[in-house]
Every structure is written in C-alpha cells, then in structure tokens.
Amino acid sequence: MRYWKLLALLPLGFALGGCNLVVLAPSGDVAAQQRDLVIIATVLMLLIVVPVMAATAVVAWRYRQSNDTATYTPDWDHSTQLELLIWAAPLLIIICLGAVTWMGTHLLDPYRTLGRIASDRPLTPQDKPLEVDVVALDWKWLFIYPEYGIASVNELAAPVNRPLDFRITSSSVMNSFYIPALAGQIYAMPGMQSRLHAVINKPGLYRGFSANYSGAGFSGMRFAFQALSDGEFNGWVEKAKASGSQLGKPDYLQLERPSANEPVRHYASVDGDLFRAILNMCVESGKMCMSEMMAIDARGGMGMAGVRNTLPLAYDKFAARGAVFGAEPSFVAGGVCLPGDQVTRMAAEASPTVLAPGDWTPLQGRGLERPSLMRPSKASFITGPASKSDS
C-alpha cells in the first residue's frame, strides 16, 4: 500500500512540473521589486503562522489523553507573560508589514516614472523612455509606437535597459495587460487610459497575456514580448517599416472586429491621431469624441446649439460593425422636440427663409449662443416610428 500511495502522488508531481516560476524569477527591475515585496510580506506573516502551527501540534501531543505525566491545572486561566507575547508579536509584525506595504505601494505605483534602470544603475537624463500605446481588442493586442510611426498586432518588442512608458486602453470590454517578467498587471478599460512604467533588464522572449476574462476568444489573447539589444530592436523596427501595411482609421475599424487567435502582423505607418480617437471612442467619422462631449458639458450642456449632435453621441460600435452583442439600434435622425406646434410649422415652410426662433430661452444651454435655424429639409423631421441609421 505504501508504494501505491507514492504512485498516487505522481500526477501531482507532473502538474507541478508545468509550473512557471517567472513571478519569482523576473527579468525586469519593477517585477523584481514586486517579487521582493511579496517575499518580505510572506516571511513576516510566517513569523506568526509557523509558531502557531507548531504550538498547536505541541499542545495536542503533550496533553493527549494517554499522556499521564502532563501537568494538570484545571484552575489556571491567565498568564501575563503569554498575553504580552500573544499580542505584542503580531502587533510588531503588522507595523512592519504595514510600513513595507505602504512604501512599496507608492514606489511601485504603475503611474510613477522610474527612478532607476536596475538596483545598481540610476536613471539618467540620457535614458529616454520608449512610449508604447497599447489597445486591447477582441481578442488581440495592438501596440503602437508613436516615436517610430509603426504598429504591431500580438507582438511587442523593446530594447533592454530602456525605460518603457505604456499608455493602455481598450476598444470594448475591460482586459488586463500583464507581462509577468516585466511588471505587474494593469487594467485596460474602454474610454479610459491606464499607465505603466517599467523596464526589462535581460534579453529574451517572454509571454504576455490578458489576465481578465473578456469573452469567447479570451484564451487566445496572448502575445510575445521580445527584449532585444539596441541593434536588434532597430532591426525589428526596420522589419515593421518594410511590411508596407498602413493602419489608418478605416483599417483599424476592420481590425477592431472580434476575432481570435490572430497571427502576428506589422504596420509600416500609423495614423498619428488613431490612439487619441480610440481612447475618445470616435474613430468612426462623424462621431463626437468624449473630449468634445466633456467640453460641451463644461459649458452647461448641449442646449439648442448642439441638438443636431445627438446622433454622433451614440456609441453603436457593436451594432454597426458586426459584433455579436445585439441588433442595430433605432433612433430618430435629426429630430428634435420643440415646444408647441413648431415642428409642424418648420416642416411645412416652403421658402428657404430664416425661421423666427421664438422664445428659445428655456432650451439654451448655459453659455451657448442662440442658434440661427434655417429651414431644414422635411426628411429631417420624423413624426412617425423611429427610423434606422446605417452609420
């Protein structure tokens, strides 16, 4: 039976043999500091856990029923020395753990710029960061290099010992950008920009992936991270430029469509305004950007001056670009609710003269100019069921 028990442990051994210890043996300085923080915190907690477990076993053995030599003290109920030990030791450990965690939380803040390249190499003014714009798509990764005007899908490359400045966003749902050898994970969220500062210190090929479930193609949402020498990285950039492919806004809209297990591809040129448009959810022509929407809100709202922009505000990516999240939305194109019977009067006007605006005071946004309304076409006013747009 003893041999059968050992044989039963073999599957566990095979399972452990597939473990990757990259988190405890990273290749980037930020990830190495995070590993040290994890180890220090674990050791501090084990200073309490191990003695308690050992004391439990000792007490259970010493005062077992068959041990007649154990001291029997039924009236004992208090010991000042034990109380001091039980409360003082955890208190000191919690103080140390809190101090280490507080310092590590601020020093390793992903939004904080790096203070060093490695433990023995401080950051100098000559160490210019490499900026990389990261976009989490369904279900692939897009990396844009503004400095070089290139982009890649499912492949990230960076030179060794050069600071990296990542700007991260998502096209639809929330994902998590994670390269265990480089730094901790950081979320990619639509309409929001996350930041990550890191550095890779050892050349090699590392794995990156999304650590947040995001749908059917999530399992294939992985990419290769190449840590290269300066010469090799320049060669990688030239290889991307030699691809001849261009990534403009129309090309991005095609790339954005949900697809899984996409092969690596490179783009020789990228629209310089693409990442800003992705972040502001206005890649499609005619869509109002979030930054513009916020500017309108800051001035008191849309009012009549912006009433015709209600349609571009609708973010209908899922319906308009073939995603799987529902049917096309219906809306009233160009329609507006006006007081009284002004809709009927404006639609019935036959001459292209300027209409009398009447009293627009209740409809004006704070700080916006009163519009000069020309007679729109009759098709602009829809009094029946809502029409569908192909935008």
Side-chain angles (χ1 to χ4, degrees), residues 1-110 112 115-116 118-120 176 178-187 198 201-202 204 206-207 209-213 218-219:
M1 290 300 296
R2 181 178 61 180
Y3 295 108
W4 282 107
K5 291 178 181 178
L6 293 176
L7 186 63
L9 294 176
L10 285 179
L12 178 60
F14 286 124
L16 294 176
C19 292
N20 190 339
L21 298 179
V22 63
V23 175
L24 296 179
S27 301
D29 183 65
V30 173
Q33 294 182 68
Q34 293 174 335
R35 173 207 56 198
D36 296 341
L37 180 61
V38 170
I39 293 176
I40 292 173
T42 303
V43 170
L44 286 173
M45 290 184 286
L46 287 177
L47 291 178
I48 286 295
V49 173
V50 172
V52 169
M53 295 178 66
T56 301
V58 169
V59 170
W61 175 258
R62 178 176 177 81
Y63 295 100
R64 68 191 186 278
Q65 184 177 5
S66 60
N67 186 10
D68 298 331
T69 61
T71 305
Y72 179 63
T73 55
D75 297 326
W76 180 88
D77 61 358
H78 179 73
S79 171
T80 303
Q81 292 80 4
L82 285 177
E83 289 286 348
L84 290 175
L85 178 64
I86 291 172
W87 291 105
L91 180 60
L92 293 175
I93 291 175
I94 290 173
I95 292 174
C96 295
L97 185 62
V100 171
T101 304
W102 186 88
M103 291 187 295
T105 300
H106 289 277
L107 292 176
L108 300 176
D109 185 349
R112 181 190 178 100
R116 69 185 196 185
S119 58
D120 57 348
S176 179
Y178 188 28
I179 305 175
L182 179 69
Q185 64 173 326
I186 185 74
Y187 284 110
N201 302 113
K202 298 178 182 178
Y206 305 100
R207 183 182 65 169
F209 54 91
S210 174
N212 189 80
Y213 181 73
F218 163 76
S219 59

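Along the sequence shown, residues carry numbers from 1. Keep in mind it's a predicted model, so treat the numbers as computed, not measured.
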Quiz item: Can you tell me if N212 and S210 form a side-chain donor-acceptor pair at under 3.5 Å?
Solution: no

Exercise. With rounding to the nearest 0.5 Å, note down the distance linking OH in Y63 to OH in Y72.
Key: 12.5 Å

Quiz item: Can you list the steps and then say if R112 with L107 is a side-chain contact (heavy atoms from CB on, under 4.5 Å)?
Solution: CA-CA 7 Å; R112 181 190 178 100; L107 292 176; 4.1 Å; yes

Practice problem: Give, for atom CG of L92 and atom CG of L97, the distance between the pair rounded to the nearest 0.5 Å. | Solution: 12.5 Å

Can you list, pair by pair, the side-chain donor-acceptor contacts under 3.5 Å of residues 22-29, counting residues two or more places apart and other chains?
| residue | atom | partner | partner atom | Å |
| --- | --- | --- | --- | --- |
| S27 | OG | Y206 | OH | 3.0 |
| D29 | OD1 | R116 | NE | 3.4 |
| D29 | OD1 | R116 | NH2 | 3.1 |
| D29 | OD2 | Q33 | NE2 | 2.8 |
| D29 | OD2 | R116 | NE | 2.9 |

Using atom types as modelled, flag every donor-acceptor pair under 3.5 Å from a side chain in residues 34-61 to any protein atom, sequence neighbours excluded.
| residue | atom | partner | partner atom | Å |
| --- | --- | --- | --- | --- |
| Q34 | OE1 | G184 | N | 3.0 |
| T42 | OG1 | V38 | O | 2.7 |
| T56 | OG1 | V52 | O | 2.7 |

Quiz item: Do you know which two heavy atoms are closest between T101 and T105, and how far apart they sit?
Solution: O-OG1, 2.7 Å

Quiz item: Are F209 and S176 close enough that some pair of their side-chain heavy atoms sits under 4.5 Å apart?
Solution: no

Exercise. Could you pull out the closest heavy-atom pair between A183 and Y178, with the gap in Å?
Key: O-CE1, 3.4 Å

Please set out all donor-acceptor pairs under 3.5 angstrom arising from side-chain atoms of residues 77-87, sequence neighbours excluded.
| residue | atom | partner | partner atom | Å |
| --- | --- | --- | --- | --- |
| H78 | NE2 | T80 | OG1 | 3.4 |
| S79 | OG | Q81 | OE1 | 3.4 |
| S79 | OG | L82 | N | 3.4 |
| E83 | OE1 | W87 | NE1 | 3.1 |

